[in-house]
Amino acid sequence: MCGIAGSTQPNDHRAVDAMLQRLAHRGPDGSGVWFDPNGKIALGCARLATTDLTGQANQPLISADGRFVLVFNGYIAGHRPRIQAATRDGLTFQTWNDAELVLQLMSGAIGQGSDPAQVLQTLSGQYAFALWDVAQSCLWLARDPLGIKPLYVLSRPGGHIAFASEISALSAIAPLVRDEGIKSTYLAHLFVPAPKTGKEAVKLLSPGTLMRWQAGEVSTGHIAHPAYRADKALQMPKAGGLLSAVRQSVADAMDADCELGCLVSGGLDSAGVAALACDIARERGQVAPKAFVMGFDDPALDETAVAQKLCRYLGQELHVFAAPTQPEDIYQELVAALRSVGGPFANPSIVLMQCLAKAVSRDVKVCLSGDGGDELFGGYPRYRAAQLYETYWRHVPRPVRRLTAKLYDAGNRREIHRFLAGGSGARNNAFAVWNNRCVIPECDARIAQHPDLGGSLTDAMIHFDRDVTLPGNQLLMSDRCGMAHGLEYRLPLLGHNVVRIAASVPAKQHLKHGPKSLWRRAVTPYLPAGHVQHHKIGFNPPVARWLLGVARYLWGDENRIIEAIFADVTITQGYKTAYWKRAVSGKDLDMALSVWALMVWQVWLELDGSDMGCAADTA
């Protein structure tokens, strides 16, 4: 993993040096810059060395014939067997680094006039890279189809561009203008969906984008998502086939030339990845990887006991880190996270991710995570809600549904209230309500896109989360929080074969015997008795308590808090007070998240007006 940057502005040497300084936290093991002899481009990389630690693997990498120059951020699953196969086919490699594999494959495809996207779709893993073709004065930029690694592009005068792994690096070379037009979608999602970023001239490449720049002209291609290459005409996958794919993906992710660890919890996904990693380590004669979990002082949120039981069973050494509790600490970590993101981001779990990554990075450089399991295998309650709606509720006369929703008190069970609110109308209304995280109607929050609902509503929900919410939310947190501390998260459940198998299974099959039926059946033999029946709490903080504490820390008394948080919302003082009290009551999580998002918006506006361009505070 690394931080990469570059600029096509003629003789922009100093600019790239400045960008790399802003990305030093992503690559603490060294940095390098390559300047085109004719001054046409500069490429830079700050390296986190996890695969082939020799100096020969330092970037930028230059092809043997001098035609191509690459800066690469990420890792390619199974890169060593691919290098061995390519060597047998006559290619010569100077390293065992996956970046050189990408350089060889891309240069071969371009040199032969083939479509590079066809080559890239054969690579499983996570990546963002820039490749300069000296002969054609052409720049290629790419982001992996799952959207695991980021790549931001800044439009500059004269058709020139600059790119970087984080927005903070781009702010080192040009003033960035805030784009407040993203507020409605930000409030709906709690993040800003790609390609928008919160900066007018900066775009985040959408997952799977292959961009080509030449003399100011830009064209884009697309790297096929593995889910859309699934052959649904084949026989329904069985648990054994899924297990085999996940096991291989875990084995690939464990191929690192440094110590690695595992995140664990009371859930199924991280536990399954950790269990397979321990089994693979035993087969290799290695010690089981260290395990890490965050502990909470609130028993309703704490999964430490379940994690301890799991790690005793697996033979892992468990490290427990305490979640922050003081408002000042929570605020400081929030500020560091917003600086890393470079825009507004309102999932409060990013504060936990910041603290966890900081602690984990003291022990290991690579850490396996269970990210993606809920989106692939049907783990969220709203998927079951969609199935219930399609099977039964939509057949109830609409006036009856609307009356039921109106009569049901929001103070009662959150899941039922959300179900009734979304299920009172047509399918598109259900989709919009269940995917919109903002419950304050005056904010006019709107989700970024509505998929084709011609098929199953449940499948559409899963696809939306996999393609939009996962990269914009969980994967963004994994990248920014990990790389802020020089920690590389690897996500075996997002291996391409795993994604293909999951996508070939209809949602109703994933939910047939409860959530994640196929995955649960596959991994149960590797876990201690009772673990799969444990109700996962989720990696979430006490939002209402945090909201109250941070708001008081920032603004003091309730009147000033309400005035500050609702400054841009046109509603009466009575409504502002009512929303605030609901948010901090501890009984309305949706309102707490909505008001937290408004608070983060105000924090972001203040930061953006001062030192938002500074690199993440990793102290």
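Reckoned from all heavy atoms, side chains included, excluding hydrogens, waters and symmetry mates. On a predicted model such as this, the values are computed, not experimentally measured, just so you know.
Within the 3.5 Å criterion, the main-chain N or O of I76 finds a donor-acceptor partner in the side chain of D98. Formation of a donor-acceptor pair under 3.5 Å by the D144 side chain with backbone atoms of Q126 is not found in this model. No donor-acceptor distance shorter than 3.5 angstrom exists from the side chain of Q214 to the backbone of L139, with no hydrogens or angles considered. S184 places no side-chain N or O within donor-acceptor distance of the main-chain N or O of A445, the cut-off being under 3.5 Å. Side-chain atoms of T122 never come within 3.5 Å of backbone atoms of Q118 as a donor-acceptor pair (strictly under, hydrogens ignored). Formation of a donor-acceptor pair under 3.5 Å by the Q474 side chain with backbone atoms of G372 is not found in this model. With hydrogens and angles ignored, the 3.5 Å screen pairs a side-chain donor or acceptor of R490 with a backbone N or O of A253. Not a single donor-acceptor pair under 3.5 Å links the side chain of H485 to the backbone N or O of L487. Judged by distance alone, the side chain of K365 and the main-chain N or O of A49 form a donor-acceptor pair under 3.5 Å. Looking only at distances, no side-chain donor or acceptor of E333 sits under 3.5 Å from a matching main-chain atom of Q354.
Using a 3.5 Å distance cut-off with no hydrogens or angles, the side chains of W519 and D269 do pair a donor with an acceptor. A donor-acceptor contact closer than 3.5 angstrom links the side chains of S478 and D371. With 3.5 Å as the limit, one finds a donor-acceptor pair spanning the side chains of T50 and E488. Judged purely by distance below 3.5 Å, without hydrogens or angles, the side chains of Q248 and D252 pair a donor atom with an acceptor atom. For E375 and Y380, the side-chain atoms include at least one donor-acceptor pair closer than 3.5 Å. A donor-acceptor contact closer than 3.5 angstrom is absent between the side chains of N436 and R446.
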Identify all side-chain donor-acceptor contacts of residues 464-473 below 3.5 Å with residues at least two apart in sequence or on another chain.
unit_1: D465; atom_1: OD1; unit_2: R382; atom_2: NH2; d: 3.2
unit_1: D465; atom_1: OD1; unit_2: T469; atom_2: OG1; d: 3.1
unit_1: D465; atom_1: OD2; unit_2: R382; atom_2: NE; d: 3.3
unit_1: D465; atom_1: OD2; unit_2: R382; atom_2: NH2; d: 2.6
unit_1: D465; atom_1: OD2; unit_2: Y383; atom_2: OH; d: 2.6
unit_1: R466; atom_1: NH2; unit_2: Y228; atom_2: OH; d: 3.0
unit_1: D467; atom_1: OD2; unit_2: Y228; atom_2: OH; d: 2.5
unit_1: N473; atom_1: OD1; unit_2: N347; atom_2: ND2; d: 3.0

All N/O donor-acceptor pairs, side-chain side in residues 151-159, below 3.5 Å, sequence neighbours left out:
unit_1: Y152; atom_1: OH; unit_2: R480; atom_2: NH2; d: 2.4
unit_1: R156; atom_1: NH1; unit_2: S7; atom_2: OG; d: 2.9
unit_1: R156; atom_1: NH1; unit_2: D12; atom_2: OD2; d: 2.6

Quick one: do E166 and R22 satisfy salt bridge (charged side-chain N to carboxylate O under 4.0 Å, His left out)? Show the steps, please.
CA-CA 9 Å; E166 294 181 11; R22 297 283 180 97; over 6 Å; no
If you apply the rule side-chain hydrogen bond (donor to acceptor under 3.5 Å, both in side chains), what do you find for S137 with K40, and how did you get there?
CA-CA 8 Å; S137 296; K40 294 182 177 181; 2.9 Å; yes
Applying side chain to side chain contact (heavy atoms under 4.5 Å, CB included), run through L105 and R82 and close with a yes or a no.
CA-CA 10 Å; L105 294 177; R82 289 289 296 263; 3.5 Å; yes
Test log, rule salt bridge (charged side-chain N to carboxylate O under 4.0 Å, His left out), inputs D608 and R178
CA-CA 8 Å; D608 193 61; R178 185 167 63 226; 3.0 Å; yes
One pair to check against side chain to side chain contact (heavy atoms under 4.5 Å, CB included): L70 and M106. What are the steps and the verdict?
CA-CA 10 Å; L70 175 80; M106 284 290 292; over 6 Å; no
Given the rule in the salt bridge (charged side-chain N to carboxylate O under 4.0 Å, His left out) test, do R26 and D479 qualify, once you have shown the distances and angles that lead to the verdict?
CA-CA 10 Å; R26 296 183 70 95; D479 175 81; 2.9 Å; yes
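The NE2 atom of H222 lies 16.0 Å from the CE atom of M211; values are rounded to the nearest 0.5 Å. Considering CG of L205 and OG1 of T220, their distance stands at 9.5 Å, rounded to 0.5 Å. Residue H496 holds its NE2 atom at 9.0 Å from OG of S249, rounded to the nearest 0.5 Å. Here the CE-OG distance, from M477 to S369, works out to 10.0 Å after rounding to the nearest 0.5 Å. Interatomic distance, CG of L494 versus CG of L475, reported as 6.0 Å (0.5 Å rounding). One finds the OG atom of S168 at 6.0 Å from the CG atom of L23 (value rounded to the nearest 0.5 Å).
At least one test fails for R143 against the ring of Y127: distance under 6.0 Å to the centre or angle within 45° of the axis.
In terms of heavy atoms, G343 sits closest to L338 at O-CD2, 3.6 Å. For the pair V33 and F35, the tightest heavy-atom approach, listed with the atom from each and the gap, is CG1-CE2, 3.1 Å.
Shown here is K183, whose NZ atom has more than 12 heavy atoms of other residues, nucleotides or ligands within 6.0 Å.
Using a 4.5 Å heavy-atom cutoff, the side chains of P10 and H160 are in contact. P116 places a side-chain heavy atom less than 4.5 Å from the side chain of I110. Between T197 and V192 there is no side-chain heavy-atom pair separated by less than 4.5 Å.
Here W601 and Y186 bring their ring centres to under 6.0 angstrom of each other.
The list of ring pair (Phe, Tyr, Trp, His ring centres under 6.0 Å) pairs with a residue in residues 43-63, not counting sequence neighbours, is empty.
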